[in-house]
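Worksheet: the structure to be examined is printed underneath.
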2 protein chains.
Amino acid sequence: MLRNDIPVYVQVRDQLWQWIQEQQLDSQARLPAERELASRFNTTRVTVRQALGQLEAEGIIFRSNRRGWYITPQRLIYDPSLDIGFYNTVTEQGFTPSTETLSKRLIEAPSWLADISGMAEGAPIYHILRRRSVDLRCVVVEHNYINPRGCPGLLDQDTDLSIWLLLREQYDLVPGKRNIEIFPQALTGVEAEALGVNSGSAGLYMQRLTLDKSGAFLEYDREYWIHDALKVAVQVNNN
Amino acid sequence: MLRNDIPVYVQVRDQLWQWIQEQQLDSQARLPAERELASRFNTTRVTVRQALGQLEAEGIIFRSNRRGWYITPQRLIYDPSLDIGFYNTVTEQGFTPSTETLSKRLIEAPSWLADISGMAEGAPIYHILRRRSVDLRCVVVEHNYINPRGCPGLLDQDTDLSIWLLLREQYDLVPGKRNIEIFPQALTGVEAEALGVNSGSAGLYMQRLTLDKSGAFLEYDREYWIHDALKVAVQVNNN
DNA sequence: GCTATTTACTGGTATATACCAATATAAATA
DNA sequence: TATTTATATTGGTATATACCAGTAAATAGC
């Protein structure tokens, strides 16, 4: 069975992948324990973990802290150029969203935020920190920084749903230009902890700077996504 | 020095990161050998490699096959919504680009490409496969699928530079609507091999479907990026 | 001075083993 | 029945060791 010219962990990876397909395991189904797999493939746990790590990198499986390995759900398709909102995006694709507001308060703009937003350093800005899940799996931690001008009392509202919906329906604020940045980045520190993953896990960072129709600063947000949870889809029309 | 409540590999990771900053190592500078680091931190190579793997995930360092670990260069800032092209993007940011055309030929559109492009299955389509580097480091492998209508003889041109430049200047083709998809994905198979990285390395997948002004299929491309090589920046204006 | 060969070194893979920390389950207790 | 406690199981971390494969440097030969 074992070939000499192909590393064992690659063979385990591929056989495991084939086995997953044959079993037609459901999303979030649990894999056998590492020790069980090690004996089944007649190798050690170290090598099995190397194979599991590869399947994790490919987005086939994910780990839940000391509970086991599970089949990764389908990626959420997400368009950061629109203001549809997380809740609608998730439900429209047949998943169940949930949001926890971890903190919301009025802060004084630090220098980095002043630079980005064009506001004065120390100016009042709403800061909202939320953790959002798809089918009970935490997928993103999100920092929202919102210009309070035009939306007084925002923090008294329920922020477990869409902020964009609030801004549009309650305050009549609509976005104009957006500046989006996206790149892969490991999850560390508070973000990793909030998402319940190991520090150093693969992630996707996405930030958005949104101005209103008149070009004034409206909102800036930083999102830390689990690497296998989403597919970014943007429609662009360059004239 | 060693604390009991923090994992050794985390301490090694953080001390190594601190050391890198203190040394003010240049981009692409080489780190000491793993065995050297292991003895310096008084631990084993396995643990050192765990720490190195974390710094790699964070984009601090990268590995070159059996040659060693190096400091990661700054990310390339890249706007896939424009047709500035790789060459100009890289040079404008002070780096040195290079491109190798690995293959270019006329193929018959397979069903998946027909579905995406709206062309008939089996219809002729140009396929160009290129590998592109920044400062001699391979960063992306790119598949271009181009509608030959409007650009006959494209394959006879030099494709080591910008294809968009060719399309615009030689054939007067300009892009209209774009549909972009981006998500983290491990590099495997031919892409990993072409980039000279291990199968299963972290990467970023990006695809673009571009239509011309009249809405006809112009180009579709699939790009496989090294995870630490770029930052995607998109400007959007939603009206 | 150049080329080909050898040698040393590097990261890559693999085994065996051990203990820890968090979780889930089973058993005991109220 | 509900709650608490003990136990088993799971993944997480760590050491020690060995050999392999590709790269780079040193050496020998011309």
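Naming convention: chains lettered A, B, ... in sequence-line order (proteins, then strands); numbering from 1 in each chain. Nothing here was measured: the structure is a model prediction, and the numbers come from that model.
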My understanding is that only residues two or more places apart in sequence, or in another chain, count here; which of them pass side chain to side chain contact (heavy atoms under 4.5 Å, CB included) with A:Asp135? A:Gln28, A:Phe95, A:Thr96
Contacts of A:Thr89 that satisfy side chain to side chain contact (heavy atoms under 4.5 Å, CB included) - sequence neighbours left out: A:Leu76, A:Tyr78, A:Ile84, A:Gln93
Is the distance from OP1 or OP2 of D:dT15 to the nearest side-chain N or O of B:Thr43 less than 4.0 Å? yes
Quick one: which of B:Asp160, B:Leu161, B:Leu165 gives a side-chain contact (heavy atoms from CB on, under 4.5 Å) with B:Tyr87? B:Leu161
Between D:dG11 atom P and A:Phe62 atom CZ, what is the distance in whole Å? 13 Å
To the nearest angstrom, how far is A:Leu37 atom CG from D:dG12 atom P? 13 Å
Produce a footprint string for nucleotides 5-13 of chain C: one letter per nucleotide, 5' end first; B if the base is under 4.0 Å from any protein heavy atom, S if only the sugar-phosphate is, - if neither. -----BBBB
Quick one: side chains of residues 49-58 of chain A, donor-acceptor pairs under 3.5 Å with protein atoms, not counting sequence neighbours, listed by atom name and distance.
{"unit_1": "A:Arg49", "atom_1": "NH1", "unit_2": "A:Glu34", "atom_2": "OE1", "d": "3.4"}
{"unit_1": "A:Arg49", "atom_1": "NH1", "unit_2": "A:Glu34", "atom_2": "OE2", "d": "3.0"}
{"unit_1": "A:Gln54", "atom_1": "OE1", "unit_2": "A:Arg13", "atom_2": "NH1", "d": "2.5"}
{"unit_1": "A:Gln54", "atom_1": "NE2", "unit_2": "B:Ser199", "atom_2": "O", "d": "2.9"}
{"unit_1": "A:Glu56", "atom_1": "OE1", "unit_2": "A:Arg63", "atom_2": "NH2", "d": "2.9"}
{"unit_1": "A:Glu56", "atom_1": "OE2", "unit_2": "A:Arg63", "atom_2": "NE", "d": "3.0"}

With sequence neighbours excluded, what pairs up with A:Phe62 under the ring-ring contact (aromatic ring centres under 6.0 Å, His included) test? A:Tyr70
Sorted by chain and residue number, the ring-ring contact (aromatic ring centres under 6.0 Å, His included) partners of A:Trp69 (sequence neighbours excluded) come out as none
Applying ring-ring contact (aromatic ring centres under 6.0 Å, His included), can you list everything that pairs with A:His127, at least two apart in sequence or on another chain? A:His143, A:Tyr145
Could you write out DNA chain C as dot-bracket? Rules: Watson-Crick or G-U wobble, both distances under 3.5 Å, brackets [ ] for crossings, | for pairs with another strand, dot for unpaired. ||||||||||||||||||||||||||||||
Qualifying residues under ring-ring contact (aromatic ring centres under 6.0 Å, His included), relative to A:Phe183, sequence neighbours excluded: A:Tyr205
